[in-house]
Protein chains: 2
Amino acid sequence: MNHLNKPTLTSKECDLAREPVFRKLPKESIDALRRICRVRTYRAGQTVIADQDEPGFTGCIAEGILRMQKTLPDGRQHIVGLLVAHDMFGRVLHRRSNFDIEAATDARLCCFDRRALEDLLSRDPALERLFLVNVLDELDAAREWIILLGCRRVSERLAAFLLILCRRSADAERVVSGSNDRIRVHVPIGRADLANYLGTRAETISRAVHALADEGIIAILDPHTFDILDLPGLIARAGNGDFGLNRP
Amino acid sequence: MNHLNKPTLTSKECDLAREPVFRKLPKESIDALRRICRVRTYRAGQTVIADQDEPGFTGCIAEGILRMQKTLPDGRQHIVGLLVAHDMFGRVLHRRSNFDIEAATDARLCCFDRRALEDLLSRDPALERLFLVNVLDELDAAREWIILLGCRRVSERLAAFLLILCRRSADAERVVSGSNDRIRVHVPIGRADLANYLGTRAETISRAVHALADEGIIAILDPHTFDILDLPGLIARAGNGDFGLNRP
DNA sequence: CGGCGATCTTGACCGCGGTCATTGCATTCC
DNA sequence: GGAATGCAATGACCGCGGTCAAGATCGCCG
């Protein structure tokens, strides 16, 4: 059983002031946001925003994981982004979505009405600045990912992905075992999603994972749980890129 | 001879009001911009902004082509973006550049002092909004590119790239030949750069180009000049993606 | 004019990774 | 308990595209 695939949805509402993205905002901005905030919950597999839709809201994730993906006419799929708790999703100032946004796990979302948020943005420079900086960071991350897909082999991409998971403290925890401490990471998605994210196939992911295990870089506890045994080795495998540093 | 590799640098200054990006701005915003604008010229191959630099300016391109690229520790390179005339380059609100920005051809740039521009942004909501929308479009384009690299084969990527060139009217012109009209496109960069952009190698680019020619989809006039003979065929090859629609 | 260097092209080879098929191992449902 | 379902793992095969090497083409410059 993978607890990350079945988050327990608590009944407490969004606490926007506690979201890292909004923390730096002045109190009145947060209050204004809170006034246009509605909670929505989705079950794994449900579509939040469909490709080419004109959604009425954007928001941020309180709990769960969303995947942004595109399905090509011939059926091939690609995930352009995984969004975890505290990430923003959707698109202000833009009519149509260019991707499907689906719940990869059960999810609870704090949603802002699009119109109301755009009004707010126009009247609140601090908020608009926050969004600008946020989008700039996303752009950087997207370009890092372009490099990942453009000139790295699958094993390197997998290593980079695991490093990103390591850096997200919510997904990683230090585990003391014997004399040396390991980093435990939970992979919150299945092999197929992971393959679509890394631009390859589930079989290749499987082989790459076990290759890392054979080299002693990771240990496989179960298909969704690994221990990082050799962090420097993993970093070397990833090609020393500084992944995820933009998204602390 | 490839005239696009050696643009003649005219002596006239930037006419910001005529740049499509700025056209919608109120006159006073444009005037303010013009006041902090300096022209810089670069020769092909020169570095405009180095990876990890903290550049003192950003700007937009009056003439020429810039490439944003990253060189990995092991020497592999990847181009994350080609910037042509009227595109913005560089990064407001961010200390360090994550990429090299180099002149792929001789280039003339309208540059804004970074500090002055950031001051301006804080005081001019219309300008800040323009930047936000601009960055959102770049993010969309980057994600399209992620899909291109993540789940399309080289011949499809090449086809998509040619379609983007077609849609940039400056690079494409209709040519009447006999009864049917062709679209002529100039490829402003060499095979090696193109390979780094499309995530492959120069040899593979060469083969893919000639494969398209063998199928009668394009005609090769010289290594930098093609005629599109079968636009629907090219679109089908590219997988019906709507490339470049974000950047009209 | 002739040699030289850069770029593009083409061929031969082969390895990474895509594809297909099979197996194993859970969990769920009858 | 046994059948059914879903995901992961593994093996066999092979094709796309990376790599290396050798021509081809063109512009440049002595």
Minimum-distance nucleotide to A/H210 side chain [options: D/dA9, C/dT9, D/dG17]: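 Of the candidates, D/dA9 comes closest.
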Nearest-nucleotide pick for A/E203, side chain only, options being D/dT10, D/dA9, D/dG18: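 Of the candidates, D/dT10 comes closest.
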Nearest-angstrom distance from the residue atom [atom1] of [X] to [atom2] of [N]:
{"X": "A/D222", "N": "D/dA9", "atom1": "CG", "atom2": "P", "value": "10 Å"}
{"X": "A/R201", "N": "D/dA8", "atom1": "CZ", "atom2": "P", "value": "15 Å"}
{"X": "B/I189", "N": "C/dT7", "atom1": "CD1", "atom2": "P", "value": "13 Å"}
{"X": "A/I220", "N": "D/dC7", "atom1": "CD1", "atom2": "C1'", "value": "15 Å"}
{"X": "A/E156", "N": "C/dG17", "atom1": "CD", "atom2": "P", "value": "9 Å"}
{"X": "B/R207", "N": "C/dT9", "atom1": "CZ", "atom2": "P", "value": "11 Å"}
{"X": "B/L149", "N": "D/dG17", "atom1": "CG", "atom2": "P", "value": "13 Å"}
{"X": "B/I205", "N": "C/dT10", "atom1": "CD1", "atom2": "P", "value": "14 Å"}

Under-4.0 Å side-chain N/O to phosphate OP1/OP2 contact, A/H224 with D/dA8: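 Yes, because at least one side-chain N or O of A/H224 sits under 4.0 Å from OP1 or OP2 of D/dA8.
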C/dG18 OP1/OP2 closer than 4.0 Å to side-chain N/O of A/T204: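 Affirmative; the distance criterion is met.
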First encountered from the 5' end of DNA chain D, between A/A192 and A/R153: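 Between the two, 5'-proximity favours A/A192.
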